[in-house]
Amino acid sequence: MADGLTRNQMAWRLGRDIAEGSYVNLGVGIPLLVLDHAPAGREIIFHSENGVLGMKPKDEADGIRPDDLTNAGKQPVSLVPGAAMFHHADSFIMIRGGHLDIAVLGAYQVAENGDLANWRLSGAPTAPAVGGAMDLAAGARNVWAICEHNGRDGAPKIVRECTLPLTGPRSVNRIYTDLAIIDVTPDGLVVREKIEDLSLEGLQARTAAPLSLANDWRPLEAPEL
Amino acid sequence: MADGLTRNQMAWRLGRDIAEGSYVNLGVGIPLLVLDHAPAGREIIFHSENGVLGMKPKDEADGIRPDDLTNAGKQPVSLVPGAAMFHHADSFIMIRGGHLDIAVLGAYQVAENGDLANWRLSGAPTAPAVGGAMDLAAGARNVWAICEHNGRDGAPKIVRECTLPLTGPRSVNRIYTDLAIIDVTPDGLVVREKIEDLSLEGLQARTAAPLSLANDWRPLEAPEL
Amino acid sequence: MIDKQCKSAAEAVEGIEDGAVILVGGFGQTGEPMDLLDAIAAKGLKDLTIVANGGGSGEHGIGRLLAGGCVRKLVCSFPRVPGSVAFEELYEQRAIELEIVPQGTIAERVRAGGAGIPAFYVPTGAGTELGEGKEHREFEGRAFVMEHAIKGDVAVIKAERADRWGNLSYRLSARNFNPVMAMGAELTIAQVEECVPLGGMDPETIVTPSIFVDRVVEIPDGVSNG
Amino acid sequence: MIDKQCKSAAEAVEGIEDGAVILVGGFGQTGEPMDLLDAIAAKGLKDLTIVANGGGSGEHGIGRLLAGGCVRKLVCSFPRVPGSVAFEELYEQRAIELEIVPQGTIAERVRAGGAGIPAFYVPTGAGTELGEGKEHREFEGRAFVMEHAIKGDVAVIKAERADRWGNLSYRLSARNFNPVMAMGAELTIAQVEECVPLGGMDPETIVTPSIFVDRVVEIPDGVSNG
């Protein structure tokens, strides 16, 4: 089986696709790794739903008490010059009102029509917990899902129809996995990049929805991290 | 005919009834005179819908350019210690959400059930203009109307039913005029104060809705201003 | 490098088209983005819808747009003030469409447009002329009116200070409608009295975060470059 | 003289009754008003409804209210975090009612409660489990869910600084839900790290104006007087 990207490499690769000047929210889990691997020298403004615009990885020298400034995963962060603070209702104006260019979200399942399931495992005995996932799925201009191509049991996360409870219908535009970058289009799932030594057939075998390969597809690559 | 209060005296008298700690909006016209005649030494917090909490009459020594800080009538004002600034949507949270203790509004007509008409004269050729009057009538905990008891033509402003377009139904709790202070109650209009040498019959003759006199009524008085 | 700063009011208003819905900040002349509005008037646009608190006064700003015949419809709470000559002439001639909206409802409709909320209910206007023809609904025995979001193609606003990302702060009651309008449009353009270097504004006291702002032009008070 | 300052957390929470709906600020432990919540727990109240982003963690704050059996219902977006032991035990025993609300919808429902808006429409949750059973409506071809205002009997919040009128400012992301909860209740109580003399706060940078605040208690960080 072809070696895929690590989580850090997936986050690094996604970061290359964020245009300068973009306003981007990062969900908890793999998405938050994008903050650590954002392209140097490119101005990207990261939003956190708890009232932060312009966060960067924690710089211990910033003199801010760790509890006073966190990301959505409650981990300490720092601010870039140009950052702004606001309250939760204003933060979700940004999210729900379509002001974010991109929301990067983790995924349990993504369907070929862009349906996203990332908040609840059916039949789990633990209490459900949604956080801001549904607001982001419904509100951001672009939703990029980032997840391993297959679960630990090998089950494909990219499916014809989600069997898990939805976070939002027709939300996802693009999927970043350890094996491929896949666009959700009106004509179905289109592979933009894939691990070079994995054939389309090999990728298809690990995917539960039909894929087509873009004519201008490129190899999915990332440096050692 | 008994001499009534002047506009300044009406505003002064109304000010005596505002409890310390009250949050009070003043409409344009006579209501804004309350700011000039507020009781000295009593902390009352005046709200202006254009984003000001804690205004006081313009103090030329405050160093603020007159255009940078105005009341709802676009006249320059100053700030008291403890003042706060905010935008229009937040300002109307205060109004619509029932956070204001009192809105003092001018009136063309007040009906015995508290209906208020103060924004438009029927048949006027000029364009209608409502401002924040309907928000205040609908949202403040108490609406106090302040107006001359009769129009220039002698027509009573306190009526059984408003003939002018309504600003808000059942809005007004209390009416301050040059002749009397009248509560709007479930049992009808109750005169709390009246010009001492005007009989109830005399007052009734100038009023188009039935009045009753409170047992503990007092003379309506104000100093020379 | 992100740089939302434009060199002139004329450059800042490039691309606005006939028929645009334009949200305008200000309350009276306080906080009204005069230079941007004059630059829009200078383009000779037609059929604009202006959403603002008032109908302008004098020969600049909304007054100039109205006098220039640029405006098909005015959505506001208070069109008549001393000096609103342009509006009054158009109104008398029935040459302008007027939608009167209570002041708080304008603010909330624009905020809703910016917040992804298509409609909401308010008590304001229920039982009055301005509620007539609108959908009503009772909650807990009280009548409410359904109001729809207003979305602008463009917002033109005035602020005191900006950085090159478009973070904004305001001065005293010149704040008024400006931060609200900033949230409600596809393209938000701010004229500011002073641009400061990035990092020169305290993150805690920025009123309009940069995400709501697309273009900034520095026009010190009393200096028009429109 | 207006003075909203209380001498202790216990004094600040006087009068709260069994069955109260309590809005709580904070996101994780950042900005959570621990001392006020501990003081409420110490009263041994019953049947409270708590509206907050999360279900608390550890032995203070919401965690203590839950562990103390004070809470009948929790309205939140994210009840499970590391350390949310009290909540998880109650949930497993079916000893607590749970209403999961998307984070932005909680904020907006509470704001609406404070703003005199009984209901509004959002796209959030449409086509999902959390939208089921709610009234739906289409606007411009898209499905929206009607959400109702949440009104609190009490809000307990944390701020950095206050004056005796109750004006508040916050520190960095400890702002979060606090200004929103402050607007949504009949009785709003703030614990603050520092009280300053009236006039000691810049009117331009006050985040929560005093009109939304009823009681203030100064509790420097790390000093509990609950």
Side-chain angles (χ1 to χ4, degrees), chain C residues 31 102-126 135-151 159-161 167-176 178-180 183 193 201-209, chain D residues 31 102-126 135-151 159-161 167-176 178-180 183 193 201-209:
Chain C
Q103 195 171 137
T105 299
I106 296 183
E108 194 66 19
R109 287 177 66 188
V110 172
R111 177 191 179 273
I117 293 170
F120 58 91
Y121 297 89
V122 291
T124 315
E135 194 173 321
H136 280 62
R137 182 157 174 161
E138 270 197 16
F139 294 93
E140 295 176 11
R142 186 175 181 193
F144 291 83
V145 175
M146 188 170 87
E147 294 285 355
H148 290 267
I150 295 175
K151 295 183 88 160
E160 181 175 34
R161 193 164 289 125
N167 288 301
L168 304 178
S169 63
Y170 304 86
R171 192 163 63 237
L172 296 166
S173 77
R175 186 183 305 196
N176 59 59
N178 284 299
V180 182
M183 297 188 290
E193 293 182 25
M201 298 176 74
D202 178 357
E204 304 261 30
T205 65
I206 288 166
V207 173
T208 295
Chain D
Q103 196 172 136
T105 300
I106 295 182
E108 194 65 21
R109 288 177 65 188
V110 171
R111 178 190 178 275
I117 293 170
F120 57 91
Y121 296 89
V122 290
T124 315
E135 194 173 321
H136 280 62
R137 182 158 174 160
E138 270 196 19
F139 295 93
E140 295 176 12
R142 187 176 181 193
F144 290 82
V145 176
M146 188 170 89
E147 295 284 357
H148 290 268
I150 295 175
K151 295 186 87 158
E160 181 174 34
R161 194 165 289 123
N167 288 301
L168 303 179
S169 63
Y170 303 87
R171 191 162 65 236
L172 296 166
S173 76
R175 187 183 304 196
N176 60 61
N178 284 299
V180 182
M183 298 188 288
E193 293 181 25
M201 298 176 74
D202 178 357
E204 304 261 29
T205 65
I206 287 166
V207 174
T208 296

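Labels below follow one simple rule: chain letters A, B, ... track the order of the sequence lines, proteins then strands, and each chain is numbered from 1. What you are looking at is a predicted structure, and each value in this text was computed from that prediction instead of being measured.
- Residue D:Leu172 touches chain C through both its backbone and its side chain, counting heavy-atom pairs closer than 4.5 Å.
- Taking each heavy atom of C:Tyr170 and D:Glu204 in turn, the nearest pair found is O-OE1, 3.6 Å.
- Listed in order of number, the residues of residues 105-115 of chain D that approach chain C to under 4.5 Å between heavy atoms are D:Glu108, D:Arg111.
- For D:Arg137, the side chain to side chain donor-acceptor pair (under 3.5 Å) partners two or more places apart in sequence, or in a different chain, are C:Glu135.
- Interface residues of residues 116-123 of chain C toward chain D, defined by a heavy-atom distance below 4.5 Å and sorted by number: C:Gly116, C:Ile117, C:Pro118, C:Ala119, C:Phe120, C:Tyr121, C:Val122, C:Pro123.
- Checked against salt bridge (Lys or Arg N to Asp or Glu O under 4.0 Å), C:Arg171 has the following partners two or more places apart in sequence or in another chain: B:Asp68, C:Glu160, C:Glu193.
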